Structure formats: C-alpha cells, structure tokens
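Structure, as structure tokens:
Every chain is numbered from 1 and lettered A, B, ... according to where its sequence line falls, protein lines coming before strand lines. Please read these numbers as outputs of a predicted model, since none were measured by experiment.
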Amino acid sequence: MLKGRNLIDPMDFSTEELEEVFNLAEKIIENPDKYSKIGEGKLLATLFFEPSTRTRFSFEAAMLRLGGKVLGFSDANSSSASKGESVADTIRVVGGYADVVAMRHPKEGAAKVASMYSEVPVINAGDGGHQHPTQTLTDLLTIRRKKGEFSNHTIGLCGDLKFGRTVHSLVKALSRYKNNKFVLISPEELKIPDYIKKEVLIKNNIEFVEVDRLEDVVDKLDILYMTRVQKERFFNEEDYLRLKDSYVLNEEKMKLAKKDMIILHPLPRVNEIAAEVDNDPRACYFQQTKYGMYARMALIAKLLGVCE
Amino acid sequence: MLKGRNLIDPMDFSTEELEEVFNLAEKIIENPDKYSKIGEGKLLATLFFEPSTRTRFSFEAAMLRLGGKVLGFSDANSSSASKGESVADTIRVVGGYADVVAMRHPKEGAAKVASMYSEVPVINAGDGGHQHPTQTLTDLLTIRRKKGEFSNHTIGLCGDLKFGRTVHSLVKALSRYKNNKFVLISPEELKIPDYIKKEVLIKNNIEFVEVDRLEDVVDKLDILYMTRVQKERFFNEEDYLRLKDSYVLNEEKMKLAKKDMIILHPLPRVNEIAAEVDNDPRACYFQQTKYGMYARMALIAKLLGVCE
Amino acid sequence: MLKGRNLIDPMDFSTEELEEVFNLAEKIIENPDKYSKIGEGKLLATLFFEPSTRTRFSFEAAMLRLGGKVLGFSDANSSSASKGESVADTIRVVGGYADVVAMRHPKEGAAKVASMYSEVPVINAGDGGHQHPTQTLTDLLTIRRKKGEFSNHTIGLCGDLKFGRTVHSLVKALSRYKNNKFVLISPEELKIPDYIKKEVLIKNNIEFVEVDRLEDVVDKLDILYMTRVQKERFFNEEDYLRLKDSYVLNEEKMKLAKKDMIILHPLPRVNEIAAEVDNDPRACYFQQTKYGMYARMALIAKLLGVCE
C-alpha cells in the first residue's frame, strides 16, 4: 500500500512497490481517458524553492491529467521563505490546503524535513545535488517500456558521474535487479564516487568497468545514459580539450552502437547529444520526458490512494 | 445579500453578514464534498502586486476546492503594472476575464480604487500596512470554532501592536460584540495607536489595559493573539535586550495560561512562538490557516452568489 | 479545417478560415455556457519567455472558460531556457505534456521555430517586435462585432506606426477586404514603414493618406486605432513638444468625431487616451480585451478540433 506514503529517496520504495507504480503507469499510457478523472477534487501543491520548469511542468501536467488541480510557486522569491519561515512551518500550512505536495529545494534533506511535519504525502522533486527520485522513476519506466525488464542489461553511464545525482540513483536502482553490468564513462575528474563503487556495485557483486572514452565502448551497450560535462568541472584546459568530444554523442558514434541500444538523458541537453541524433529511432530522451509525466501520474494516484 | 459585493475593509460587512459567511464556512468544514462543485465555471483572478504566498495559496485553494478555476500573477514584475498601467485599467481588463478578483497591493487604498472600476467583486488581499480583511475573517472563524462565540472573552494581543494591521482589525471587529476585554501587550515603542484606543475602545466603552510583559498577564487570557516584534522597530538596543524575551511564547509561559486559552498567530512565525509550543493543544495557529481557506471559500461563494 | 494547425503570422489563415474562427467566437459570446466544457481534458501550456500579463491572462482565461486546464511560466527566469536549452528542445518536451501551446518570446521567429518541432499546435503570443496574431484576431473580432463587416471603412491608425506590430498586422489583415481607406496619423519619425506602403497598400490599390495631426482627420474616421507614442522615439525635443498633444485622444477631439466611430487600443494605455474618454460609448478598448478572450477561445477550440 503506497497510500499516504512519501517519496524522498529513490530507494524508499521496494522493487515490488515500484512495480505497482509502473504497472499503473502502463495502464494509464494505454488508456489515459480512463484515468482522467480519478484525481477530481484533489489538490497538488508544487513548492519550488528553486526553479525547474521541466520538473514542475511534469508534476503539474500529471496532476491535471488525472483531473486534479494545482497550486504552487516556481521560485523562492515569491514564497514566505523570504520572510524567514521554516520549511516545517511552510509544509504545515500548505499541508492544510493541499492533498499532496511536490517540493524542490536547494538544500539537501529539505524534503525529508518537510515530510516529517506534513499531514499529506510529500514528493521530493529534487533537494540540492542530493536526490531526485521521480527522475529515477522516469528513467526506470523508460527502460521498462523500451526493454521490457530491468535485468540483463549492459548500461553505459556517460559524462559527469561525480555530481550527477540522477546517475547515482539509477545505479542504485538497477543494482537491485539481476545480471546488469555498468560501463562508467567519464573523465578522471568526474568519475563516479567511491562510495557508489564500494557500497553499491562491489557490495552487490555487480560487474563494472571505468573508461574515459565513449567511442571505445559504445558498441557493447544496451542502454546509454548521457549527461552533460561542464567545462568548469575540469581541472585543466588541456584535459578538457582532449576529452570533450568523447562525451558528445553524434551520428558517427551511433554507427558503432547496437541496433536496439536506447539513449536516455535527463534533459535539458545542451550539446552533449548532437541534433543529428534526434531522429535516430534509438533516441528516447524526448519520449522519456513524456514517460516522466506518466510515472508521476501513477505515483500521485498511488500516494493519494485514488486508484487500485 | 452579499452577492456582487466587495470586501475592502474588515468592517465592510455587518455582524449579520459576517454570521452569514461563518455559517456557510462551518457547513463547508463539516461537509466539504457537498460544496466541491458550486464554483464550477467560475474564475478567480489573484492579482498579487507584491508576493504573499500564504495568502495567495489560501485564496487559490479556496477557489479550487469550490470547483472553480484560478489565474493570476504573484508579483508585480510579471504584470502590466511594469508598463505603467493604472490599477483602474488593470481591473477593467481583468474584470472582463474573471468572475471575482483577489488583489494584494503595496499601496494603501489600491483595492478600494480597483473596486470602483471593477465589474466583478474585488476582495482586498492586503493593501500595504492598511487592511487585510480576509485575515480578520480567518481570525474570527477560528475564535468561533474554538470558543463558540465572539463575546465574553479576555483577548491578549501581544507584540507589535503599532504596525500590525491584523491586530487593529481584530480589535475593531471584536469591539462590535459584548463584554470583551483587551490586554494590550507590547513595548512602549509598539503600543497600539491612539486612534484605536480613542475611536474604538474608549468610544465603545470597552475595557482594556496596556502592559509590557506577557508573563504578567498570560494567566488572565482566553485568547492570545501573537505577532512578531522586529528588532528594527525598537528605539534602542537596551530596551530590545531587556524586553525581547517577553514577547516570545514558550512552554514556561504556557504553564501560567488557562487550560482552554487559545493561541492565534497570523503567520509566518519566526521565533516569537517557540517550536516547543507547537504540540500544545492550545496552539491553534496552524489550524487557523486552514480555517482561513474555509473562510475564503465561504466568502467567495457568497460574493459569487453560487450558494444559498 | 483548422485542427492541428499553428498560428504564427496573422496572415497564416485565409479570410475564410478567419470567418470560421469569428463565427465560433460569436456563438461563444452568445452562449458561453454551451462551450464551457468542450475543452475538458485538454491542457494549454503558456510559455512566456518574456512577461505579458494581459496576453497570458487572456489565453489562460480562454482555456479555462472552455473547461480546459493550464500550466505555464510567466518569464524566462523560471524556465529551462536559463539552463541553455534550445526552443526546439523546450517545445518537444512541453509538447509531450500539453495539447496546445501559446508562446511569447523576445526573439523574432521563435514561435516559428517552435512550431517546426512541436507535435501539438503552437500559437504565437508575440515574438519580439515581429508578430502578435491573436491581437489581430482581437482587433478584427471587435470590428466585426461593432461594425458588422470588414469592408467599407475609413480606418485611422494613430501614434507609433513605425514600431507598432499590431498596426502593421491590422493593415495587412484589412487590406484583404474591399473598399477600405487608411488614414495614417503619426509624426515623421514614426511613419509606417515603406514596405507596408509598397507591398501592402499600393500593391493592393488601397487608398491611404499620411498626416501628422489627429485633430485634422478625426471627423473622417469610422474606426480609430490608437497606439502609444513614446518620447524616446522622437529625434528632437522640439518635435516632441510640438506634436505630443496631437496623439492624445481627449473629449475635445471626440467632439469632432462621427457618432458611430469606434476607438480601439491594444492596451496597456498610458496617457494617449484621456480618462475622460473612457465613458464615451464609442470607447471600445476595454470591451476589445474581452473580445480578445473570446477570440482566443474560438481559436483554441478550432486548433484542438474540439468544436465543429
């Protein structure tokens, strides 16, 4: 039973609970009209203490497409936070107005604090560089729709693996399934943190390799998860110039890839995927954002308990 | 009949008209589902020329929970005001789109001007330091829910009584009922203005005392209305240091209070009520914000005339 | 059939297609309740990369009054654009959430680009100084409501005819109808661009005169379209002082005008129409903004194909 629960950390839900969400998401995808009124009379509050249009839109579209309604703010300036109010107070007030809350906050742990004081379910819509669990739901639902299962994949993670919270969450999430292998593609400066390697990969006996050039490994991958590499992250200009093209996915690299590899990206994309790739049938990142809406529809419906 | 009326000043409504609003509010509290569609097809415009998330949320939640819809802006930067448009013109345009308008403006009298040009009801959601009538509705509904009547109370008002518009309005509103006594608790610099004393309290033969320490009088009170005391308001540091703790409500002071005293606060609260008081059953300030939503639901329904 | 189409340039629709939109708009005006649910289950995204409250409100009110729902942002700061995302990517994402998009952007051509990548209809809600086609729909619907036809009028266009995109669009639009004459009233510095004269007026054999004082010609006009003249646009102070009063419509000038002349203005108005004119029955500019909402309701319904 997910009714009344919070979603703060991507690992808050068991694999069975995730299945429950994804099963509902797929039913909604197949027959959206059937679910277009189950949220009637329910109110979602979107508390975005820092702007993130895409995520906010996805939540709001999800609620509206369930027949529910939405109120919210899109940056902290127009919130009572600017008058010095604590997150605990804000959520107690907003929880009196709304039936479910999606909260984005620049501070790690803010959503967790909110959930402790809230009388309604709280969904973490991103807390600093920490967690962003609905992005993980989005990523997983896309993999399930495109690959049919969460096991037996070789997953390439490319770009900034050090700071990319969505990457960390995806590694943790997929480590709960069988027979997955990870190919970690990043410059030295942006390698995945040690604790992920030790406490997630090695601990669970999961095979992985670390490389620094996408072109060397792209032919092995079933799933390629791209992220942006920001110039500022590099220690020196020389490294940046030598490596930057390795983290740009283009037609040339796509020629090396499997015919059924899928490309994911949390978006927004800047130039790490060339526009020429957009029409490749393996490019799934725009569809992925749409699945994000469906994942959130299913999640909200489950937390509200308006759907069995 | 409140249909088509404006609410600009907390005293715009007679006590009978207030009763009408509160009677409806209580019916909604008891059976919200029955009222969840009476606003269908109606549109509220929230024109917030200065940000006030809490108030805006309360209005928007109220309209949405009546089955209505909302459009608005949350600060002047994203409004036509930045192009030099007058309030009169703005309201004539918006009144063409919406069925009722809630307006917050930094200038005193702005909502009054708007109401003179509007073809639809205008609700003052705060005009500078002047009026904030739906906060008064909120305060009164909370007193009615918790105390059953508006008469026969000893009401303590604590903190900044000079600039606190909600305090002034509450004094005026409760002065219309019988046998109330006021205990005005503030530092010298922040005493209630003379005109309130002369034209409201003395004129109506209402008993009141002025004191500067909460702990000296808290045991006498049926209702304690807390507000924030800002350091900048004090004339000198010495006074501030000597008195600041007197205006902080904590467990210790609550031990002196009556068992059925209720604590109100217009929120946001910073530190004038210690967190340790939040779980005291006499702490009503979070419930109060929820009653604020119900008060606004009743008000909007009455002004729209969608409910008898 | 307008279903699935975009509206980027005011001339995108044939006169027959415009008729189709206006016929529906008039039906909605006469019986709004009949159309208050045809948009149920549909979602409008309002992407305002620069603020324009009036236009955004008009779109949102239109969608909400059709029974649809709305999500959006009101300035670029709270959008992913600030993370460097392209318009093409933004629209591909938002097109996955919404059924129709209204987009305002400071860059000319932005809406056109968006429409090329969007899977749902895109409406240009203003792209820089370029196009603003729903304002033209608004202007035309007002003329049709007030004058019954688009032919046989003497139309005065007054003020800044050089930079006023709504003026250019209106000239083009009315040039498709028979027997119209234009009186172009502006200071030398702000005369209508040559290409409009050559490629629209002269090419279509349309009669026009250029004058620099409103009072000299106001008696000839059936329609007077006012726009603002900004001091900064003048080459020298002397000209400005000599001419500025010529571009202010007041009671005195209205005494010279025909009894059935109508005054239009795209709003916001600053002081180019004196407040004393507002109650003149010939002043149609506030009604015009309301017609703007109805025009957008009809447009959205047609593009969504929810109405035959």
With a cut-off of under 6.0 Å to the ring centre and 45° to the axis, is B:R296 in cation-pi contact with B:F59? yes
Under a plain distance cut-off of 3.5 Å, with no hydrogens placed, do B:E85 and B:T90 share a side-chain donor-acceptor pair? yes
Under 4.5 Å heavy-atom distance to chain B, tell me which part of C:F286 shows up: side chain, backbone, both or neither. side chain
Inspect the contact between B:K302 and B:E20 and indicate whether a charged nitrogen and a carboxylate oxygen are less than 4.0 angstrom apart. yes
Would you kindly say whether B:K112 and B:Q131 are connected by a side-chain donor-acceptor distance under 3.5 Å? no
Short question: side chain of C:R65, backbone of B:Y97 - any donor-acceptor pair under 3.5 Å? yes
Non-hydrogen atoms of chain B under 4.5 Å away: do they reach the side chain of C:N271, the backbone, both or neither? neither
Of the listed B:S86, B:G72, B:G41, the one with the largest count of heavy-atom pairs under 4.5 Å with chain C is B:G72
Given C:G67, C:S36, C:S58, C:A275, the one with more heavy-atom pairs under 4.5 angstrom with chain B than any other is C:S58
Quick check on B:V94 against chain C: is it the side chain, the backbone, both or neither that has a heavy atom closer than 4.5 Å? side chain
Given heavy-atom pairs under 4.5 angstrom as the criterion, report whether the side chain, backbone, both or neither of B:A98 touches chain C. backbone
